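Take a look at the structure below.
Naming: A, B, ... by sequence-line order, numbering from 1 per chain. Just so we're clear, the structure is a prediction, and the values are computed from it rather than from any experiment. Hydrogens, waters and symmetry mates are skipped; everything else that's a heavy atom, side chains included, is used.
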Protein chains: 2
Amino acid sequence: MRLIDFNALIPGQCFGSRRLGGSEYVPASYFAEVLGEHVELSEGERSALTRLEERTRSLRRGAILQRENEAGGELYIVRSGTVMSYVLLDDGSRQILRFHYAGAMLGVPGLIYRTAPETIAALTDAVVCVFDKATFSRLIADHPRIGALVLALAQIERVALTDRLAAIGRTSAKARVAALLLDLRNRMRAADRSITDSYQLGLTQEEIGDATGLTAVHVNRMLRQVEEDGLIRREAGRVTILDERGLTRAANYIDRYEDLDLSWLPPRD
Amino acid sequence: MRLIDFNALIPGQCFGSRRLGGSEYVPASYFAEVLGEHVELSEGERSALTRLEERTRSLRRGAILQRENEAGGELYIVRSGTVMSYVLLDDGSRQILRFHYAGAMLGVPGLIYRTAPETIAALTDAVVCVFDKATFSRLIADHPRIGALVLALAQIERVALTDRLAAIGRTSAKARVAALLLDLRNRMRAADRSITDSYQLGLTQEEIGDATGLTAVHVNRMLRQVEEDGLIRREAGRVTILDERGLTRAANYIDRYEDLDLSWLPPRD
DNA sequence: CGTAGTATTGATAGAGCTCAATTTACGTGG
DNA sequence: CCACGTAAATTGAGCTCTATCAATACTACG
């Protein structure tokens, strides 16, 4: 099975609902688009966010944006493509921590360290915007509510990480794979509402394994098993969820993207 | 760039160095003590932090402060004792996410959800301070730098979680246990400099298992093995590290608590 | 068309789990 | 201070799940 150009997927479709006329709508700030889904931003906030995305960098598939244990400490916002963060262990094995899509802010964990705690690499060709800690600092000093929003997004990510921690620590290989399949679908769908139960996986089985704490071989067997159970269908890197309820049950999956509550946020400035 | 001793960061039975005379020094705000290790707080910040800790609650060992999937959304600061957060899976198995010591802020992940994403329970008798989202919101609106500090602390925790994710996903049972032993020692030592290589474990083997993704039985065997390797000695719940270098090697352990950098923080208000 | 990365499949080994039986430690009441 | 009851730790035996090793088949791409 070969994974298809995931690129084709992200740039336009992410904000597909915001297309204007026949041409692609390109937001001045992708990050503002994300935050704008949660709260209504003021003009001042919007323009401050725009300044984060003035400097862009294009990445080839496989390119490394930030390497673990190296200095740098830049921050990034993903404009297009898929990016992942991972750590490498002494024996060369890799643990993928997180997949990031357009609109994600990267490098926040590096804020507090002199050297990066994790590697950030492009999974597909990608475009990111680069800014530094000082810029970020000014942003949240001037716009406390944006600071609060970044904190809130960090918590969403934290919960996603602890869910995966629980999955890897306490569930079977099949459940972990099923959970990843569901999570990827949900996150892609958040970006593109036209995705319902079919999507391009965009990951090799080795990458799935490195994210779920399994070997590529065993991932292959688990995918087959999930397929034989009639929960999904696979064709050329495209996954179709046939029985969402069954898959959710098999995965022990909790969809957290439902009951968000940002009503506690400070008021607009 | 300002480097911080992480020790200062991780609170514990803490503040031993702040005894005044023969009596214990009780800070008006434990959280302010933690933040104060990173930056110099203004009077305004200090008094705002003090207001977070006006309402205290005493907990018996085993008491549950917040239950997963229940509403509430309160925030807490640990004053004394050890607290843990965990999630329960459908089959009843538990994944312990994190152990928290005095000075820790709890419930932040719950900020953004209507129902709590994790359970918080007292591992020992403990005292916590309680405040609500609105109070927190006002705090960070009025004092953006405190918001930034909370974000920074959240990142430290995130990195700790991803390190554990990597440990559970990619290392052997022995390595996970060894890593936990080292991490607990380091965090306790941060709180009490008199701890060097011997400490009270304070956890049952089942709890160690639930934190590392192992069964209690296997934890027992791994502890024995680590002991037989001459890396530690055990007696009545007390662990003594005999060969720190060897233990670190066995654990694949990275001590992140070294090179913090908070120089990017906004200036004092 | 050849090449390299990826996927698939089979056979075998081993790490960690489960079940079960003791033993030890410890808080409680007498 | 001692007896008792319960939680925790320990140990053994057998088994399952997942890793490992190895061979083969795809598939995109130059």
Side-chain angles (χ1 to χ4, degrees), chain A residues 1-8 60-62 89 91-95 123-125 167-178 180-181 200-228 232-239 250 252, chain B residues 60-62 89 91-96 123-125 167-181 200-228 232-239 250 252:
Chain A
M1 176 199 305
R2 169 60 187 170
L3 304 174
I4 307 298
D5 183 15
F6 196 64
N7 256 334
R60 287 288 180 72
R61 179 178 200 279
L89 306 196
D91 65 354
S93 62
R94 173 176 71 169
Q95 175 67 51
L123 207 50
T124 65
D125 289 353
I168 295 182
R170 288 295 184 217
T171 76
S172 70
K174 202 206 287 200
R176 294 182 219 173
V177 170
L180 188 67
L181 291 178
Q200 280 308 129
L201 192 42
L203 299 174
T204 66
Q205 293 178 359
E206 183 170 11
E207 286 157 352
I208 295 174
D210 285 346
T212 54
L214 301 169
T215 59
V217 172
H218 205 57
V219 166
N220 183 287
R221 292 192 229 270
M222 293 303 101
L223 283 172
R224 164 158 314 285
Q225 211 171 306
V226 173
E227 188 174 28
E228 282 171 356
I232 64 167
R233 188 172 54 217
R234 295 179 301 152
E235 57 238 320
R238 171 164 287 272
V239 171
N252 231 294
Chain B
R60 286 291 179 73
R61 177 179 201 281
L89 306 197
D91 65 354
S93 62
R94 174 176 70 170
Q95 176 67 51
I96 294 178
L123 207 50
T124 65
D125 288 355
I168 294 181
R170 287 298 186 215
T171 76
S172 70
K174 203 208 286 200
R176 293 183 220 173
V177 170
L180 188 68
L181 290 177
Q200 245 359 90
L201 193 40
L203 299 175
T204 66
Q205 293 177 358
E206 184 170 11
E207 285 157 352
I208 296 174
D210 286 345
T212 54
L214 301 169
T215 59
V217 173
H218 206 57
V219 166
N220 182 288
R221 292 192 230 271
M222 292 302 103
L223 283 171
R224 164 159 314 284
Q225 211 172 306
V226 172
E227 187 173 29
E228 280 170 359
I232 64 166
R233 189 173 51 217
R234 294 180 301 151
E235 58 239 317
R238 170 163 287 272
V239 171
N252 231 295

Exercise. In a check of salt bridge (Lys or Arg N to Asp or Glu O under 4.0 Å) between A:Glu227 and each of A:Arg233, A:Arg234, A:Lys174, which one passes?
Worked result: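 Output: one option passes, namely A:Arg234.
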
Exercise. Using the C1' atoms of five pairs at each end, what's the angle between the two axes of the helix from C:dC1-D:dG30 to C:dG30-D:dC1, to 10 degrees?
Worked result: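 One end axis against the other gives 50°.
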
Seminar exercise, completed: Reading nucleotides 16-27 of chain C from 5' to 3' and marking B where a protein heavy atom lies under 4.0 Å of the base, S where only the sugar-phosphate is that close, and - otherwise, the string is BSBB--------

Does [X] have any salt bridge (charged side-chain N to carboxylate O under 4.0 Å, His left out) partners at least two apart in sequence or in another chain, and if so, which?
| X | value |
| --- | --- |
| B:Arg61 | none |
| A:Arg94 | A:Asp210 |
| B:Arg238 | none |

Mind calculating the distance between [atom1] ([X]) and [atom2] ([N]) to the nearest angstrom?
| X | N | atom1 | atom2 | answer |
| --- | --- | --- | --- | --- |
| A:Asp210 | D:dT18 | CG | P | 17 Å |
| A:Glu227 | C:dT8 | CD | C1' | 12 Å |
| A:Ile168 | D:dT18 | CD1 | C1' | 14 Å |
| A:Arg238 | C:dA7 | CZ | P | 16 Å |

Protein N or O to nucleotides 2-9 of chain D N or O, pairs below 3.5 Å:
from, atom 1, to, atom 2, distance (Å)
D:dA9, OP2, B:Gln205, N, 2.8

Exercise. Checking B:Arg60 side chain against B:Thr124 main chain: does a donor-acceptor pair fall under 3.5 Å?
Worked result: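 Pair absent, no side-chain N/O of B:Arg60 close to backbone of B:Thr124.
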
Problem set entry | Contacts of B:Thr204 that satisfy side-chain contact (heavy atoms from CB on, under 4.5 Å) - sequence neighbours left out |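 Scan of B:Thr204 (side-chain contact (heavy atoms from CB on, under 4.5 Å), adjacent residues dropped) gives B:Glu206, B:Glu207.
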
Exercise. Listed by chain and number, what are the side-chain hydrogen bond (donor to acceptor under 3.5 Å, both in side chains) partners of B:Ser93, not counting sequence neighbours?
Worked result: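 By the side-chain hydrogen bond (donor to acceptor under 3.5 Å, both in side chains) rule, B:Ser93 matches B:Asp91.
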
Problem set entry | Residue pairs passing the side-chain hydrogen bond (donor to acceptor under 3.5 Å, both in side chains) test where at least one lies in residues 216-226 of chain B, sequence neighbours excluded |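 Those involving residues 216-226 of chain B are B:Gln205-B:Asn220.
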
For this session: Enter the distance from B:Leu214:CG to B:Ile168:CD1 here, rounded to the nearest 0.5 Å.
Result: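 Answer rounded to 0.5 Å: 8.0 Å.
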
Problem set entry | Residue pair B:Val239, B:Leu223: steps toward the side chain to side chain contact (heavy atoms under 4.5 Å, CB included) verdict | CA-CA 10 Å; B:Val239 171; B:Leu223 283 171; over 6 Å; no

